[in-house]
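Structure, as structure tokens:
Chain letters run A, B, ... following the sequence lines, proteins first, then strands; residues in each count from 1. Remember, predicted model here, so these are calculated numbers, not experimental data.
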2 protein chains.
Amino acid sequence: MDTLLKTLGEPKRCEIIRLVWSEEKAATEIAAHFPTVTRSAISQHLGVLRRSGLVSERRDGTRRMYSVNHREVARLRAFLDSFWTDSLEKLRDLAESNEQ
Amino acid sequence: MDTLLKTLGEPKRCEIIRLVWSEEKAATEIAAHFPTVTRSAISQHLGVLRRSGLVSERRDGTRRMYSVNHREVARLRAFLDSFWTDSLEKLRDLAESNEQ
DNA sequence: AGTAAGCGTTAGTTGATACTTACGTAAGCG
DNA sequence: CGCTTACGTAAGTATCAACTAACGCTTACT
């Protein structure tokens, strides 16, 4: 879960997630949205996103099509939702386990 | 907003937010929950959290009491909520602005 | 077979960041 | 006034993360 949050910590990766949110896109297309950095840099960001499970890859000829892995996004979302709401209980649990 | 996400990217800072979620705590109390690192390290994390606006500080004698700034947390939460739901529209806006 | 397009990967560099150690400072207490 | 507690901060270090440049591997196309 820490990995997911760290992945989200980089603005370009957030942007990539948004780009492939509703429809899959090829790596070159994605890279074209970031004129200031190299294609290689984007490829590495895609690697991070892939390893964290937030995006999936599909081969199509010479191209690699990327799309959001909604299942993993949902996991992250659920964690954050519980983070905002369950902090009180989690705090209590933590205090109990620490005081033994 | 990038700052907030980057702040959340460090697990210890997440933990600190949870610790002061429901009641304010002194810096020493917070540091006591992290036996593996120095008090100084935690103090610096508190500095990051303070500068990002996620926590507030209050002086009480020689102690500094920290508490969650719920207003700023709400801002972050709202951004993430819109991130999950509005990505479709944002993608469209982006495409329009880029194709001109 | 030869060439080009599309990408990932490796190596190396630079800047950020998490940390420790040491120090400074303000508030309480004797 | 000295001493202690409770803290932030400055300096220095080591690790990590984002990037560029160069390379290599597929897949198509002729």
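In this structure, the side chains of B/Leu4 and B/Arg75 come closer than 4.5 Å at one or more pairs of heavy atoms. B/Phe34 places a side-chain heavy atom less than 4.5 Å from the side chain of B/Ile16.
Taking 3.5 Å as the limit, the base of C/dG6 and the side chain of A/Arg59 contain no donor-acceptor pair of atoms between them. For a distance-only test at 3.5 Å, the side chain of B/Arg50 fails to qualify as a donor-acceptor partner of the base of D/dG8. No hydrogens or angles were tested; on distance alone, nothing pairs the side chain of B/Thr38 with the base of C/dT21 as donor and acceptor under 3.5 Å.
Taking for each of B/Arg13 and A/Ser43 the nucleotide of DNA chain C with the nearest heavy atom, the 5'-most of the two is the partner of A/Ser43. Between B/Glu57 and A/Val37, it is B/Glu57 whose nearest contact on DNA chain D lies nearer the 5' terminus.
When each of D/dA6, D/dG8, C/dG6 is scored by its nearest atom to the side-chain atoms of B/Arg63, the top-ranked nucleotide is D/dA6. Taking only side-chain atoms of A/Glu10, from C-beta outward, the nucleotide of D/dT27, D/dA18, D/dT9 with the closest atom is D/dA18. Comparing atom distances between the A/Gln44 side chain and each of D/dT9, C/dA11, C/dG6 picks out C/dA11 as nearest. For A/Ala27, taking side-chain heavy atoms from C-beta onward, the closest of the listed nucleotides C/dG8, D/dA28, D/dT20 is C/dG8.
One atom, CG of B/Leu49, and another, P of C/dT17, lie 14 Å apart when rounded to the nearest Å. Atom CZ of A/Arg51 and atom P of D/dA18 are 11 Å apart (whole Å). Distance CZ (A/Arg58) to P (C/dG8): 14 Å, rounded to an integer number of Å. For the pair B/Asp60 CG and C/dA27 P, the interatomic distance rounds to 12 Å; values are reported in whole Å. For the pair A/Ile42 CD1 and D/dA17 C1', the computed distance is 14 Å after rounding to whole Å. We find that CG of A/Leu46 is positioned 14 Å from C1' of D/dA18, with the value rounded to whole Å.
As judged by a 4.0 angstrom heavy-atom cut-off over every strand, A/Thr36 is placed among residues touching the sugar-phosphate backbone only. A/Ala41 comes within 4.0 angstrom of a nucleotide base, judged by non-hydrogen atoms across all strands. Using a 4.0 Å heavy-atom cutoff across all strands shown, A/Ala26 reaches sugar-phosphate atoms only and no base atom.
Look at B/His45 and you'll find a side-chain N or O under 4.0 angstrom from OP1 or OP2 of C/dC19. Put simply, A/Tyr66 has a side-chain N or O that comes within less than 4.0 Å of OP1 or OP2 on C/dG8. Distances shorter than 4.0 Å separate none of the side-chain N or O atoms of B/Lys6 from OP1 or OP2 on C/dA16.
No more than 12 heavy atoms of other residues, nucleotides or ligands sit less than 6.0 Å from atom CZ of A/Arg71.
Partner B/Glu15 forms a salt bridge (charged side-chain N to carboxylate O under 4.0 Å, His left out) with one of B/Arg13, B/Arg18, B/Lys12 and no other, that one being B/Arg18.
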Using side chain to side chain contact (heavy atoms under 4.5 Å, CB included), reason through B/Ile30 and B/Val20 one step at a time and then give a plain yes or no.
CA-CA 8 Å; B/Ile30 297 167; B/Val20 298; 3.7 Å; yes

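In this structure, the side chain of A/Glu29 engages the main chain of A/Ala26 through a donor-acceptor pair within 3.5 Å.
Pair assignment for C/dG30 gives D/dC1, based on Watson-Crick or G-U wobble hydrogen-bonding distances that are each under 3.5 Å.
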